[in-house]
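All figures in this text were calculated on a predicted structure; none of them were measured in a lab. Per chain, numbering begins at 1; letters A, B, ... match sequence-line order.
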2 protein chains.
Amino acid sequence: MAGRRTDTRQRAQRVALRLFAEYGYEGTSLRMIAEGLNITKAALYYHYKSKEEILAAVLSDFSGAVADLIEWGEQQPSGPETQRELLRRYGELTVDGVTAAARLIQVNEPALREQPLAAEVQAQIIALFDLLAGPGVLTGADGPVAALRVKLAISALHLAGEEAESGGRDVMDAALDIACGLLDPQWAGSAP
Amino acid sequence: MAGRRTDTRQRAQRVALRLFAEYGYEGTSLRMIAEGLNITKAALYYHYKSKEEILAAVLSDFSGAVADLIEWGEQQPSGPETQRELLRRYGELTVDGVTAAARLIQVNEPALREQPLAAEVQAQIIALFDLLAGPGVLTGADGPVAALRVKLAISALHLAGEEAESGGRDVMDAALDIACGLLDPQWAGSAP
DNA sequence: GTCTATAGAGCGATAGAC
DNA sequence: GTCTATCGCTCTATAGAC
């Protein structure tokens, strides 16, 4: 890909991400994506061989970002500080515009069910969960409840990320506190 | 509607709800709904004048259930017990199969953006939020953060509801504890 | 209340010119 | 790298028989 003359692919991914997030995968047509790029939909087929490949490329971007995050996390000593920093960086991701991909995945959007790449992405999410709450959260004895806590922690960052895009960034800080609290084993769920 | 000979409408709503939840509104065709009822899609047009009207009917079911819940809540003394019972009953709703509609709404599914009924449903969700966390949560000074907490509390019940459908009902109890904790002003978000 | 048949539009995708 | 034109398909929705 080095030495390419145009940035159409890159722009297409940005446009597609935004549209997929707003209208869903099935609700987004190639015409809509093409119009956002001021080209025709036929031209899109020079860059991608199918609509599904566009989705795959978008997912791949997200996958890469999370993979980097996990790699960083694995090299840190495990502890509350690393946990918090992992969540903070993940939150930054969602603010930076990867929110949409994250939303696509977290909501378990139907389009992803048949997507080969989805398995890889899901594996990475699980790896992130393991990093956040110890290996085997999703399969352990109190797995369902532990998993619920991690999912909620991630949800907090996603919801705050959407909010933060239209103003107040301090919601993100509050969300980070809530997320850490949800993963804190000392706080069992009921009030002190 | 009293005295109707068949229950096709009722069955159609059940089938549509399940399909909308699994494949999304745009990803669900009338053919799919019709096949689930063992009739042809043309026959659906005897009961509904458009696909959107099917969605409206499904939303209306959900809306009615939440309206009943709110009416009950408003007649109770406000306090932690009522709050908890509100959340518990809402959780029961999502287990009973209204999950899908709830998911549709909470995820802000694109199909709902242009749906007239969506405004009404959204207003009811806001009313529920007010009941849960005091009037004006969504517009107050620390509105964004308070709103985030309520959204997460609801999310906990939705996520647990999906889990509970395939076995372990005690996840629901744990989710209820977490939801109450999230709405507890004493617990500010950070660990003790 | 359900059927067959079909209209009319939009979709994803391809062919081939420039 | 982008275009016009078009194919084949599925979709929502309607008309009219039973």
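Legend: residues meeting side chain to side chain contact (heavy atoms under 4.5 Å, CB included) with Glu26(A), ordered by chain and number and at least two apart, are Pro110(A), Ala111(A), Glu26(B). Applying the salt bridge (Lys or Arg N to Asp or Glu O under 4.0 Å) criterion to Glu120(A), with sequence neighbours excluded, gives no partner residue.
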**Asked** Where along nucleotides 2-18 of chain C does protein come under 4.0 Å, by heavy atom, of base (B) or sugar-phosphate alone (S), with - for untouched nucleotides?
**Response** BBB------SBBB----
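Sorted by first and then second residue, the side chain to side chain donor-acceptor pair (under 3.5 Å) pairs with a member in residues 45-57 of chain B read Gln13(B)-Tyr48(B); sequence neighbours excluded. Sorted by first and then second residue, the salt bridge (Lys or Arg N to Asp or Glu O under 4.0 Å) pairs with a member in residues 64-75 of chain B form an empty list; sequence neighbours excluded. Screening residues 33-44 of chain B for side chain to side chain donor-acceptor pair (under 3.5 Å), with sequence neighbours left out, gives Arg31(B)-Glu35(B).
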